[in-house]
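Below: the structure, in structure tokens.
What you see below is based on every heavy atom in this structure, not just the backbone, and it leaves out hydrogens, waters and symmetry mates.
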Amino acid sequence: MIAVVDAQQVLAWRRQRVVIVLASILLAMTAAAGLLGWSSHRTILAVYDEATKLLAVNGQPAPANPFTSKPHLALLSNMVIYIPLIGALLAIVLGHFSIADDDASGVGRLVFSRPIDRRQYLAGKLLAAAGVLATILICCLAISAASLWIVNTNPPSPAELARLATFYALSWLYLMLFAAIGIVAMLVTPHRPLALLTALGAWL
């Protein structure tokens with residue numbers, strides 16, 4: 001029964017384009033983080049080159065290149081902001097709609113006409129959210145790795161890829177927490193707007 005709820009929810013999200021919108025936003029955020037990192041990289045190098053020329057004209061030694069000691073992964077530091085803020089909000093919306101749409105369309109009544117209890121229903125919803133969020137974050141990982149490759153002109157090292165994978169794994173756990181909040185708030189709160197406000201209160 002858990003697998004049935006999981007499959008039904010994923011199919012519903014595909015029909016409603018909820019997953020497409022969520023994936024597009026998260027992937028766009030990841031691409032934006034790479035673009036901002038590339039832009040700041042070029043700006044700092046340009047300033048460094050100009051400063052080096054000016055110091056050379058005055059006969060002064062140039063300081064060390066600021067990027068030689070900076071970790072490559074620092075180029076994606078904006079993701080540390082995007083995931084807790086925007087990503088968590090989107091996860092809440094995903095969880096909220098997984099229950100709200102069942103309630104509004106009458107699917108929930110049909111589901112509970114079968115031999116299923118609330119724990120199985122909740123587990124199916126969480127499993128669907130887990131699969132969708134994991135797929136999206138794997139795509140985000142690929143974009144981040146490609147951004148590092150483009151900016152640094154060489155592929156990320158195995159250690160850097162491992163750290164990136166760890167970051168996105170922790171991000172998945174973090175987003176799952178808020179997806180669960182969105183689901184549980186809708187299950188225990190009688191009114192849909194109040195359920196969403198309750199989940200947003202937890203997010204704030």
Side-chain angles (χ1 to χ4, degrees), residues 1-30 33 79-144 162-204:
M1 295 307 298
I2 293 175
V4 170
V5 174
D6 174 25
Q8 179 273 329
Q9 184 57 63
V10 172
L11 181 61
W13 279 333
R14 287 177 57 189
R15 288 174 176 170
Q16 299 162 357
R17 303 182 186 274
V18 174
V19 173
I20 295 175
V21 172
L22 175 62
S24 299
I25 294 173
L26 286 176
L27 294 176
M29 289 190 318
T30 307
M79 289 304 296
V80 180
I81 301 172
Y82 296 159
I83 291 292
L85 294 181
I86 303 174
L89 179 59
L90 294 174
I92 284 176
V93 172
L94 187 71
H96 175 82
F97 275 102
S98 69
I99 306 297
D101 288 341
D102 281 2
D103 186 43
S105 65
V107 171
R109 290 188 293 274
L110 291 175
V111 169
F112 283 107
S113 68
R114 306 182 69 175
I116 182 174
D117 60 33
R118 279 193 169 225
R119 288 175 297 180
Q120 291 176 314
Y121 181 73
L122 177 60
K125 296 293 184 179
L126 289 173
L127 184 61
V132 167
L133 290 173
T135 301
I136 294 172
L137 289 177
I138 288 172
C139 294
C140 290
L141 171 61
I143 292 176
S144 295
R163 295 183 70 180
L164 263 183
T166 301
F167 169 75
Y168 281 109
L170 293 174
S171 297
W172 175 79
L173 291 174
Y174 184 82
L175 295 186
M176 277 302 300
L177 170 64
F178 286 97
I181 289 174
I183 291 172
V184 172
M186 190 61 201
L187 285 174
V188 301
T189 308
H191 303 293
R192 181 172 178 173
L194 182 59
L196 185 56
L197 286 174
T198 300
L200 290 177
W203 171 69
L204 289 173

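Atom CG of L26 and atom CD1 of I83 lie 6.0 Å apart (nearest 0.5 Å). Taking CD1 of I143 as the start and CE of M79 as the end, the distance is 9.0 Å to the nearest 0.5 Å. Rounded to the nearest 0.5 Å, atoms CG (L175) and CG (L22) are 8.5 Å apart.
Considering every non-hydrogen atom in both A199 and I92, the closest pair reads O-CD1, 3.4 Å. Counting all heavy atoms, side chain and backbone alike, D6 lies closest to A128 at OD1-CA, 3.1 Å. Looking at every heavy atom in both residues, H96 comes nearest to A195 through CE1-CB, 4.3 Å. Closest approach of A129 and M176 over heavy atoms only: C-SD, 3.9 Å. In terms of heavy-atom proximity, F97 sits nearest to R192 at CE2-NH2, 3.0 Å.
Side chain of K125 to backbone of S98: a donor-acceptor contact under 3.5 angstrom is found.
A search for side chain to side chain donor-acceptor pair (under 3.5 Å) contacts involving T30 returns nothing, not counting sequence neighbours. Scanning for side chain to side chain donor-acceptor pair (under 3.5 Å) contacts around Y82 gives an empty result, with sequence neighbours left out.
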Worked check of side chain to side chain contact (heavy atoms under 4.5 Å, CB included) between S144 and Y168: CA-CA 10 Å; S144 295; Y168 281 109; 2.6 Å; yes

L133/F178 under side chain to side chain contact (heavy atoms under 4.5 Å, CB included): CA gap, chis, key distance, verdict: CA-CA 11 Å; L133 290 173; F178 286 97; over 6 Å; no

Side chain to side chain contact (heavy atoms under 4.5 Å, CB included) between W203 and L89, worked out: CA-CA 7 Å; W203 171 69; L89 179 59; 4.0 Å; yes

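Under the side-chain hydrogen bond (donor to acceptor under 3.5 Å, both in side chains) criterion, no residue pair touches residues 170-190, with sequence neighbours excluded.
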